[in-house]
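Here the structure is laid out as C-alpha cells; the discussion comes afterwards.
In what follows, chains carry the letters A, B, and so on, assigned in the order in which the sequence lines appear, proteins first and then strands, with residues in each chain numbered from 1.
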Amino acid sequence: MASITEGGNREAPLGSRQKPGKPGVVRAETSVTDEHIDDNDSTGLGGERTEQVEESRPQKVDDVSTDSSDSSIPGWLLDIDAALKASRTSEQYDSDAGSVGGIDAAQRGADQSGVGGLHDEPVRRLDTSDLPEQPKDSTETLDWVSALDRRIKKSDSGIGEDDQIQSQTGSKSMDQGIEHTGDAALDRGQILRRSHMGTQPLDTEGKLLGVPTQLAGTDLPSWLRDQLQRPGDIDSEEIAEDIKLPEPPRVTFIKPKGPVIEHQESPVEDPVLDPSFEKWLKQLSEESVSPDWMKKGEEQLDEAVVSDSVQASAETPRWLRDIHEEEGDTAELLGIEESIEDKGRLAGLKGAIHIEPAIATPLVTSLVTDYTISKEQRQQIALLEGLVHAEPVKEKRKTIEWSRGSSLRLRVLLAGALILLILISAAAPASTKWLQGAATQPVSEEAQQLYDQIRKAAGTPVLVAFDYTPAMAGELNPIANILLGQLAEIESQAITVSQSAAGSEVAAIVAQDVDGLDWQQLGYIPGEAIGLRSLAECLNDPGDCQTLFGQPLPDEAQRRLAEVTLILVLTSDSESLTAWIEQVEAQLKNVALVAGVTQALGPLTIPYFISGQLEGVIEGYPDAIAYERNLIGIEGDSTANVSGITLAIWLAAGILLAGTIYYALTGLKLSRPGSAKD
Amino acid sequence: MDNIGEIGGLVIGFLLTLCVYSYIVKDNPMYRLAVHILVGVSAGFAAVVVARQVLIPIAESALSPVDRLPIFLWLVPIILSLLLLAKLIPGYEWLGNSSMAVLIAVGSAVGLVGAIVGTLLPQVVAKTESDLLTLVVAGLTICVLAYFHFTGRLTTTGQVKLPVWHKYVGLAGRFVITIALAGVFAGLFSTTLVLLNERLGFYLDSFKELLTG
C-alpha cells in the first residue's frame, strides 16, 4: 500500500522483495500512538500520521520469495507478504526477547535490547489474523497471471491519487481511533484493490480470488497476450516520480442545522461542503495534468478498445455466457437506462459510474424516526387504494350523492308541507274546524284527578313551579294559562318559584296575562335537589322558614307557605320532575303534588301517578285541550290551534305509512335470492 | 303595533326563527349564528338572575348582619366559593378540589336519599287496582332488566354461553323497550309539532295585526 510521508513525498513503490536467505529491507507500515498525533496534521488523515519503518533484520522465513528485483510480482502482493512475514516473525520474536527486527520489538520500545525499533516510539503490531492462510505452493504463479499482475501494478500506481483521496475523505478508521490503524491500512488496501479489479478481492499470495475454475490453467487469449506483451510498459517508479498532488485539506462536513422532526415534512437540507475542500478539488482538477506515462497508457488503452481486430478476436467464454443468460441484464432488471460513455478512457462502455460526483457529494444521513411514512409512500398507498377500490368507490359515491340529494329533497318537501298545512289551518280556522272535534279526546284520569285536587285547594295558596324555559313555552304556556285561570276562579293565590333562571320571567309573563289571579313570586331556587330539599323543610316547618341566603321570609310569606296544600309543577325536564317528587313530595305530609308536563314527558309520570306520588297530571297539548273543553267548559286558544296540529299529525302518519309500505316492498325485493346481483 | 320596539323584536325574532328552521335544508352559518345567540343570551340571562336573586342578597346579608346571621357564618361558604374560583387559575386548580368535594358529596348524598325514599321504595310498594296488571308490570320490568344481563358461562371452546332463558326473556325485554321508546318518540314528535304550530301561529297573527293596523 502506498503511503504518504510527512513531507508529502511518495515513497518508493511497493514491491521491494528480498531473495530468500538474504538480509533485506522490509517495510512495515505502522502508526504512532495517540501521544504523537498532531491534530493539525496537514495530511488530512484525521490526525493519523504514518511512518515508514525500515528495519534491517535477518530474513527467517524462507518460504516466501522476497526478491526485490523480481518485478513480476505486483506490489500489493509484496505488501501483504510483508505483513504476513511480520506477523509470523513477530510470533517467533515474542519468545525471543533478544532477537532483532521484530515488530513486537519495536512495540516494546527502546527498553528492549533488540535493535528492531529504529524509532523510539512504540509501534503497533500489525494484526494479520484476518488474512487467510496460504498454501506453500501458492507462491508459484502462472505466467499469464504474472503478466496480469504487471498490468495491475500499473493500474495500482495510476490510482494512487484516488487511493489517497478516498482514504482521506471517507476512511472510517480515522475516526475510530489509532489503535487499529495498521489493520485499517491493510483493509483499505484490500478494499481498493477489490474495487479496482472488480468485485473479487485479491489473494495475498499472488492468486486472484474468485477466478473461475474454468480459467485455471488456461492460456490467455491472443489479444490479451498481445496487449500485455506490448513494449513500453510503464514502470511504477516512473509513476511515483510524476505524481505530485496538492495536499488535501481535512474534510469536514457541516451537518444540517436543527433536528429533523418529521421525515416527510422536512426535506433534508443540502449538505454544505467545507470551502477548503471545494478549493482543493478545484485545484486538483486544474493541476492534474496527465503525466507522460498516463498519456502513453491512455493511447494503449484506446488502441486496445477501438481495435477491430481485437474486438473480433474477443470471445466471451462459455461459462460467462451461461452466467449472463441465467442472471439476465442487471440494468434491464432494475429498469435503469444506462448511458454510453462518449469520451475518455471509458468511451463505449455502458453504466460507468462517475467518481467525481460521488466524491464531491458526501453521504448525508438524517435521523429517521421509527415507523415514519414519507410523503411518497403516502401517495403510493393512496394510488394503490384507489386502484383496488376504484370501481366500488365510484359506485358508492354515486349512491351516497343520490341518497343525499333525495334525502334533502324529501326533507324540504316534508317541512314545506307541514308549514303549509299549519299556516292554512291558522289562516283559515273555519275550513279546518271539523278537525277540532276529531282531535278532542276524553279527559284522562290523571287530568280529572288534577282538576279535583285544584278544586280541593280552593281558597288556599298554591305553590306553582315554572321549571321550563321560553323554548318550551309553546306547549306549557297553554297548560299554565288553563291552570292559573282555574286558580283565579277558585280564588287561590299562586306562589311562583322556579329552578330555572328564566323560569321566573316566564312565570311573571304568564301570571300577568291571567285575569284576576293573585300571585306572588318567590323567585329562583338554586341548588337543584339541595334547594328543593330546603324548600320542603321550609314547607314542613314554616315557622322557621328562611331563604337560602339566611334571611327569614316575611311573616306574610311564611303564613302563606304554611297554608299551602297543593304544589303544581310545570316542567319539560325529567330531572326537575323527579327532583320535585323525590325531594319535596317525599318529605311533605299533607301537601299534594300535581304536574303539567309536555307530551314527551308523559310516560315518565305514569309510574308516579300509579304509586300515588303524583295526584294529577296533564300530559301535553291534547290533554290540555280536553281539560279546557270538558272540565272548565271553555274553548280557548288551545282549542283553536289544534286544527293545524291535527293536520300535521295526519300528514306525518300518512308519510310514515307510505314509507313503511315502500321500504317493506323494496326490502322484500332486495331480500329475494339473486337480487343482490342487481 | 304601537311600539316600534315590539316591531323590531318581532322582525328579529322572525329572522332568527327562519335561521333556525334553515337547518331543515342543512347545517349552515345562519343556523349556527342563531344557536350561538340563543346560548349566549340564555347564559347571560342566567348570570344576571343569579346575581340579582342570589349573590346580591347574600352580600347584603353578610355586610349588614343586623338582626340577621352574624357575618362569620358566611366565612365558610365565601371561602369555599373563592376556592372554587381557583379552578380557573392554571396551576392552582387543586385549591378548588375541597369545594368540589363538598358539592359532589352533599349533592350525591341528597340525591341518593331522595332516589331511595322518593322513587325506589314507593315504586316497590305501589299497588295498582288490578293484581294482574301489577304482575304484568313486574314481569315486563324483569324482562327489561334481563335484557341487560350479559354474563354467561365460558365453554370449553372459549365461547360465552348465555342461559337458555335469556334468549326469550331478553327478546321480551327488547320488545318492551322498543314500545316504550316509540311512545316517547311519538310524544316528542307531538311536542315538536305543537311548538311549530305555536310559533307559526304567533307570527301569522302578529304580522296580520301589523298589516291591518
Side-chain angles (χ1 to χ4, degrees), chain A residues 408 411-412 414-415 418-419 422-423 425-427 469 471-475 477-478 500-502 504-505 523-524 526-530 533 547-552 572 578-579 581-583 585-587 598-603 607-608 610-613 619-622 641 644-645 648-649 652, chain B residues 21 24-26 38 42 45-50 52-55 57-62 68-69 73-74 106-107 110-111 113-119 121-123 125-129 137 180 183-202 204-205 208:
Chain A
L408 175 63
R411 199 162 60 234
V412 173
L414 284 175
L418 278 174
I419 292 172
I422 292 172
L423 286 177
S425 64
T469 62
M472 302 305 295
E475 188 172 18
N477 273 359
S500 169
S504 301
E505 299 301 320
Y524 174 59
E528 297 182 352
I530 300 173
R533 194 172 188 86
T547 60
L548 284 176
F549 31 90
Q551 292 175 336
S572 61
T578 52
I581 294 171
E582 292 175 351
Q583 303 299 334
E585 193 277 337
Q587 308 297 325
T598 59
Q599 198 167 357
L601 201 59
Y608 293 109
I610 292 174
S611 64
Q613 294 172 281
E619 297 176 11
Y621 202 77
N641 292 332
I645 298 170
I649 289 174
Chain B
Y21 286 166
I24 294 171
V25 179
K26 69 173 192 177
L38 173 65
S42 300
F45 185 78
V48 170
V49 170
V50 169
R52 282 183 55 189
Q53 299 190 13
V54 179
L55 297 181
I58 287 176
E60 290 176 349
S61 175
R68 297 188 177 100
L69 291 176
L73 288 180
W74 288 106
V106 174
V110 172
V113 171
I116 293 173
V117 177
T119 298
L121 290 178
Q123 292 298 316
V125 299
K127 277 189 176 181
T128 58
E129 295 178 354
V137 170
V184 172
F185 177 75
L188 194 62
F189 179 71
S190 177
T191 298
T192 307
L193 284 180
V194 169
L195 296 177
L196 176 65
N197 181 68
E198 189 272 337
R199 274 296 92 183
L200 291 178
F202 169 77
L204 191 65
D205 293 340
K208 191 187 297 182

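With a 4.5 Å cut-off on non-hydrogen atoms, A:Glu505 touches chain B through its side chain but not through its backbone. Within the 4.5 angstrom heavy-atom criterion, no atom of A:Leu414 approaches chain B. Contacts of B:Phe185 with chain A are absent, with no heavy-atom separation under 4.5 Å from either backbone or side chain. The part of A:Pro603 that comes within reach of chain B is its side chain, from C-beta onward, which places non-hydrogen atoms under 4.5 angstrom from that chain. For A:Ala471, the part lying near chain B is the backbone, with the side chain staying farther off; criterion is any non-hydrogen pair under 4.5 Å. At a 4.5 Å heavy-atom cutoff, the contact between A:Leu408 and chain B is made by side-chain atoms alone.
Considering only heavy-atom pairs separated by less than 4.5 Å from chain A, the leading option among B:Gly183, B:Gly201, B:Ser190 is B:Ser190. By number of non-hydrogen pairs under 4.5 angstrom with chain A, the leading residue of B:Val117, B:Leu188, B:Thr119 is B:Thr119. Residue with the most contacts toward chain B among A:Ala473, A:Ser504, A:Ser500, A:Ala502: A:Ala502 (heavy-atom pairs, distance under 4.5 Å).
Rounded to the nearest 0.5 angstrom, B:Ile24 CD1 and A:Arg411 CZ are separated by 9.0 Å. Atom OG in A:Ser572 sits 9.5 Å away from atom CG in B:Leu195 (nearest 0.5 Å). The OG1 atom of B:Thr192 lies 10.0 Å from the CD atom of A:Gln599; values are rounded to the nearest 0.5 Å.
Within the 4.5 Å cutoff, no side-chain heavy atoms of A:Ile422 are placed close to those of B:Leu204. Side-chain contact between B:Gln123 and A:Tyr608 is present, with heavy atoms from C-beta onward closer than 4.5 Å. When side chains are defined from C-beta on, B:Val106 counts as touching A:Ile530, because their heavy atoms get closer than 4.5 Å. You'll find the side chain of A:Tyr524 stays beyond 4.5 Å of the side chain of B:Arg52, heavy atoms only. Side-chain contact between B:Val113 and A:Glu582 is absent, with no heavy-atom pair separated by less than 4.5 Å.
Looking only at distances, a side-chain donor or acceptor of A:Gln583 sits under 3.5 Å from a matching main-chain atom of B:Val110. Checking side-chain atoms of A:Gln613 against main-chain N and O of B:Gly118 turns up a donor-acceptor pair under 3.5 Å.
Tested against A:Tyr621 for a side-chain contact (heavy atoms from CB on, under 4.5 Å), the candidates B:Thr191, B:Val194, B:Leu193 yield a single pass: B:Val194.
Taking both residues in full, the closest heavy atoms of A:Ala501 and B:Ala46 are given as CB-CA, 3.6 Å, listed atom of the first, atom of the second, then distance.
Counting heavy-atom neighbours within 6.0 Å of A:Glu528 CD, excluding the residue itself, gives a total of 12 or less.
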